[in-house]
Amino acid sequence: MAPKSSNKGPLNPSASVFRPFGQPDPSTTPENNESPFFAFSTSTPITISSPPPQKPSLPPVRRPQPSKVFTPRRPSNPQPNDDTSSTSTASAVNSPRITHPRPWSPPPLGVGGHSEGTPEDATLGQYAKRSHALLDILKDLHSTGIQNELDLPKIVVIGSQSVGKSSLIESMSGIALPRNSGTCTRCPMECRLQYAPSWSCQVVLRFQYDTNGKTRTEMKEVPFGGIIYDKNEVTTRLERAQQAILNPNVAPKLILNGDFQPNSDTLTFSANCVCVRVAGPNVPDLYFYDLPGVIANVSDGGKERDIELVDKLATSYLSRPNCLVLLVITCDTDFENQKAGRLVLKSKDRTLKDRTVGVLTKVDRIQPGDEERWLQILRGEELVLRNGWYCVKQRGPKELEAGVTWEEAKVQEQNFFSTEAPWCDLEGSLSGRVGSEVLSVKLGNILSELVSKELPTIQTQVVQQLSEAKIALAKCAPVNTEQPQTEVIRLLQEFARTLAKHIDGVPPSLASFDSLEEDPTDTASTGLMNALNNSYDRFRQRIRDTAPQFRPWASNLEAKDAELDLLADMKLDDDPLGVPDARVFYLDQVMNIAQKSRTRELPGNFPFSVKEVLISRSTAQWRDIAAQCFQDVWDHLVNHANRLIDIHFGRYSRGGLKDDVQRVIVDHMKNLAKNAMQKVEGLCQTEESPYTQNDHYFFDYRTKLLLRYKAAHRQSKSQSSVIQSLQDHDSSRRPQRTSDESQWQNINDVLSGLATIGIPGIMATDLIKLLPDDNMGPAFEIMAEVRAYFQVAYKRFSDNIPKQIDNDFVRGITKDLNVVLFSQMINSLTPTKCYEYLEEPAEVVQRRKELEGRIKRLQAAKDRLLEFDRAQDRGFLRASFHS
């Protein structure tokens, strides 16, 4: 009779994913097998010994009744549960190598290893059911292959060589692992343990990496043989499974049948893993990865690089925040000599200690007198771990040689810790930290709690990444090659519209608003027009910094601090005083230049050439600044156009479409730039001679500057009090200080006297013009007029240049762009050439294949998570109804 199947279907019917304890996929025959395994070559064959011969049974040992902590009670009449979160049932595979070809039935979820006759047992049963369901969903998520996309919770067993790691796993799983001298484990082994009424085991090969260590587009799980019902067959099956992982170019069936021997092509280590599913009446609910033992030294004939490879493999697991670490330390060797311990406890990752459970093995081999050192670790006085340390005792070489079974070893372990000092004297919580079964329960609880905590985050990440992958796949959708001309024309028109839209101005990407460090050259994130406006702002600032630097005081002013104070008082809006490295002209120097420039002028007059020379010292710099501005705009436009070309035609680079469009656009921009630069040059030439019709602005600024220069000159003569009084005077308000009233009244009298004689409207600040100028009047006039003209010309020039560049170059790109594109490419728009244009490069095809595989994995994970949620909801409703 066929077993009752679960209503939870396979995660993806088309994928070669593992169906728990089911039949192997026909597509995984040796003919269809690929060789995409992450591994490392070696010329040294790996010798795996055959399982030890069966020894006569030992005399029967009277076993004490196990407590509920160690062995949960089995239900009297277990019934299968139709909960959809249970493991999928699959029919057995008929194989001549299987001695019990009966179908295997998955463990019923409603039982959990406890009878539910009492409230306490009901609570334990519900907890076991919840824990089982959580570990089951975790196993299914790993089977989808999304552990590359998401940080799934996992337990990783790590230890140095020969620390008893294999024996510890045997004591938890109840299966005999392959044993060999040196490093037994050459690849990760995934162990899924769960309760079931009868014992069974299945081995699966998981190929997740190719031979170069890169993640495969689609993960593949291959059942390695049929279901095992005889424990004696497990060791050989695991030996050959590891050989299949280390020999990816050999058909797994050939290795399964024992018709293969390791050779020079056999790899030393691989990141692909052997998956072992064990179910049985005394098997705890647990899910973990066993990693190859950390290597400190290589034996003769070994390779030094293997040390680094194993360390790298271990680090790739340990670095994940949701990785729980089971650190195995042996007590027959000093801790300092065990590299795995240093790898974990000396790590720079401070969270690693919080995620680690320590286990001390071979406690029966501690030398007399050394017990206290290890007890300090157990008590948490040394090598402190958040989850603490545990002690276990496994079968030693003598017990293995005598054929002691793992069940008998468990009884011996219990007897050891209950009779041998100092372990039997442990009190309080320490007494609950000895024994492999206690450790198994602890690990199962920690893992199920972590899965329960992280499941909502996993669900959110799956939905988000699935959406992102679908969007990315849409961008890589296959092109229409049935009408190649129509498709190419559509692509060209779409690109022209996009470029025109960007030149008209589009906001920057949303990501730029969240970025703390903005790249001004990245027009894709900041926006093209924003980048161009920044270039124009820098241009205006550089033109402004060429302003004449006049100082209306003597060049021999000794007090530097006083000069700085005068500069601060002089500075007004839009007046760049104190520009670094600028030529400074002092009042006496300007007067000296004017005197030396006189020729046949009347007394008191000076040639206009003095002002022309001073003006040209500024305007002569503008040509280079304008050229730099144009270069900045060119760079931004070319880079932005290339980005848009890459977005629209990047996938068509193989056929030459991207290169041809890029050539046409660059040639078009060069022609526009040539014409625009000629007009910019014309603007620069018009500024070589002073000229303006902006009389109002010129005279207004000249008057302000003249007052400012004379006021600064008086301040340099320590006559600042008079100037300050004139600048601060308010005829309608008396000063607050009595000492200032006399000066305030004097100024009022002068202003009123002027009004009386017929000169009304005079302001107090106008009186500054009456202050003596120390015969420097012509110098003040020259300085004020030169600086005023610069202000008029600088405002004009800083507007005209960007306007000319924008109108003739930037906006010119999109004028008749369609005509330019099609006229330049008309000879290339034949059906044959267009078909060649649309040929996709191999990397685009590969990218699409990767995205399809990723979507397949994420969709399978999403479906499985949805099933889990529905199952939990049904369970909650049933519990509420019965309560």
Side-chain angles (χ1 to χ4, degrees), residues 472-506 521 523-524 528-529 531-532 630-681 804-849:
L473 181 62
K475 296 179 180 179
C476 296
V479 297
N480 178 19
T481 56
E482 295 181 359
Q483 296 179 327
Q485 285 178 299
T486 302
E487 182 66 16
V488 171
I489 292 173
R490 184 191 68 80
L491 291 171
L492 294 175
Q493 291 176 334
E494 183 178 310
F495 165 73
R497 287 193 298 269
T498 302
L499 182 57
K501 182 179 178 182
H502 279 245
I503 287 179
D504 287 341
V506 294
T521 64
T523 56
L528 175 61
M529 290 311 302
L532 296 184
F630 197 101
Q631 183 66 48
D632 290 345
V633 173
W634 166 270
D635 291 341
H636 284 311
L637 272 176
V638 169
N639 291 336
H640 195 79
N642 285 336
R643 286 192 182 98
L644 293 181
I645 290 172
D646 190 62
I647 291 172
H648 285 264
F649 306 104
R651 61 189 297 187
Y652 308 110
S653 58
R654 185 173 184 177
L657 180 58
K658 175 184 174 182
D659 293 338
D660 285 354
V661 172
Q662 197 168 39
R663 174 183 53 78
V664 171
I665 293 298
V666 171
D667 289 345
H668 179 49
M669 293 175 64
K670 286 181 178 179
N671 293 330
L672 292 170
K674 182 178 180 180
N675 295 330
M677 275 302 297
Q678 290 177 353
K679 295 184 178 181
V680 169
E681 174 62 23
Q804 195 73 55
I805 295 175
D806 186 69
N807 184 69
D808 291 349
F809 178 52
V810 179
R811 290 183 178 273
I813 293 176
T814 58
K815 292 179 182 177
D816 301 325
L817 181 59
N818 281 321
V819 175
V820 173
L821 280 171
F822 291 114
S823 64
Q824 295 293 322
M825 299 183 64
I826 188 66
N827 295 328
S828 300
L829 296 181
T830 62
T832 303
K833 185 62 177 178
C834 288
Y835 187 85
E836 181 182 338
Y837 273 155
L838 297 177
E839 185 179 0
E840 294 181 315
E843 55 267 22
V844 174
V845 177
Q846 179 64 23
R847 172 64 174 163
R848 184 164 57 242
K849 186 176 179 182

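- For N642, the side chain to side chain donor-acceptor pair (under 3.5 Å) criterion is met by Q662, not counting sequence neighbours.
- For residues 815-834, the salt bridge (charged side-chain N to carboxylate O under 4.0 Å, His left out) pairs, not counting sequence neighbours, are K833-E836.
- In this structure, CE in M669 is found 11.0 Å from CG in N671, a value given to the nearest 0.5 Å.
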Identify every side-chain donor-acceptor pair in residues 645-653 under 3.5 Å, counting partners at least two apart or on other chains, and give the distances.
unit_1	atom_1	unit_2	atom_2	d
D646	OD1	K658	NZ	2.9
H648	NE2	T498	OG1	3.3
R651	NE	E840	OE2	3.4
R651	NH1	K475	O	3.1
R651	NH1	A477	O	2.9
R651	NH2	C476	O	3.2
R651	NH2	A477	O	2.4
R651	NH2	E840	OE2	2.3
S653	OG	G650	O	3.4

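- The closest side-chain heavy-atom distance from M825 to V661 is below 4.5 Å.
- Between the CG atom in N818 and the CG atom in L492 there is a gap of 8.5 Å [rounded to 0.5 Å].
- In this structure, the side chains of N675 and K679 stay at 4.5 Å or more apart for every pair of heavy atoms.
- Taking NE2 of H640 as the reference point, atom CD1 of I813 lies at 10.5 Å (rounded to 0.5 Å).
- Every residue two or more places apart in sequence or in another chain that forms a side chain to side chain donor-acceptor pair (under 3.5 Å) with R811 is listed here: D806.
- Pairing each heavy atom of H502 with each of M529, the nearest pair is O-CG, 4.1 Å.
- Contact record, F809 with A676: CB-CB, 3.8 Å, taken as the closest heavy-atom pair.
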Mind running side-chain contact (heavy atoms from CB on, under 4.5 Å) on D808 and L672 for me, showing each step along the way? CA-CA 7 Å; D808 291 349; L672 292 170; over 6 Å; no
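- With sequence neighbours left out, the side chain to side chain donor-acceptor pair (under 3.5 Å) criterion links D667 to no other residue.
- Contact record, P831 with P484: O-CG, 3.8 Å, taken as the closest heavy-atom pair.
- When all heavy atoms of T814 and A500 are compared, the pair lying nearest together is CG2-CA, 3.4 Å.
- Residue L817 comes nearest to L499 through the heavy atom pair CD2-CD2, 3.8 Å, listed as atom of the first residue, atom of the second, then distance.
- Evaluation of the ring-ring contact (aromatic ring centres under 6.0 Å, His included) rule for Y835 yields no partner, not counting sequence neighbours.
- Remark: R847 engages no residue in a salt bridge (charged side-chain N to carboxylate O under 4.0 Å, His left out) (not counting sequence neighbours).
- With sequence neighbours left out, H668 forms a side chain to side chain donor-acceptor pair (under 3.5 Å) with no residue at all.
- Taking CG of L528 as the start and CD1 of I503 as the end, the distance is 6.5 Å to the nearest 0.5 Å.
- Between W634 and K670 there is a side-chain heavy-atom pair separated by less than 4.5 Å.
- Partners of K501 under the side-chain contact (heavy atoms from CB on, under 4.5 Å) rule, at least two apart in sequence or in another chain, are V506.
- The OH atom of Y837 sits 7.0 Å away from atom CG of L829, with the distance rounded to the nearest 0.5 Å.
- Residues passing the salt bridge (charged side-chain N to carboxylate O under 4.0 Å, His left out) test with D660, sequence neighbours excluded: none.
- Residues satisfying the salt bridge (charged side-chain N to carboxylate O under 4.0 Å, His left out) test with K849, not counting sequence neighbours, are none.
- With a 4.5 Å cut-off on side-chain heavy atoms, I665 and V638 do not count as touching.
- Rounded to the nearest 0.5 angstrom, L838 CG and R654 CZ are separated by 13.0 Å.
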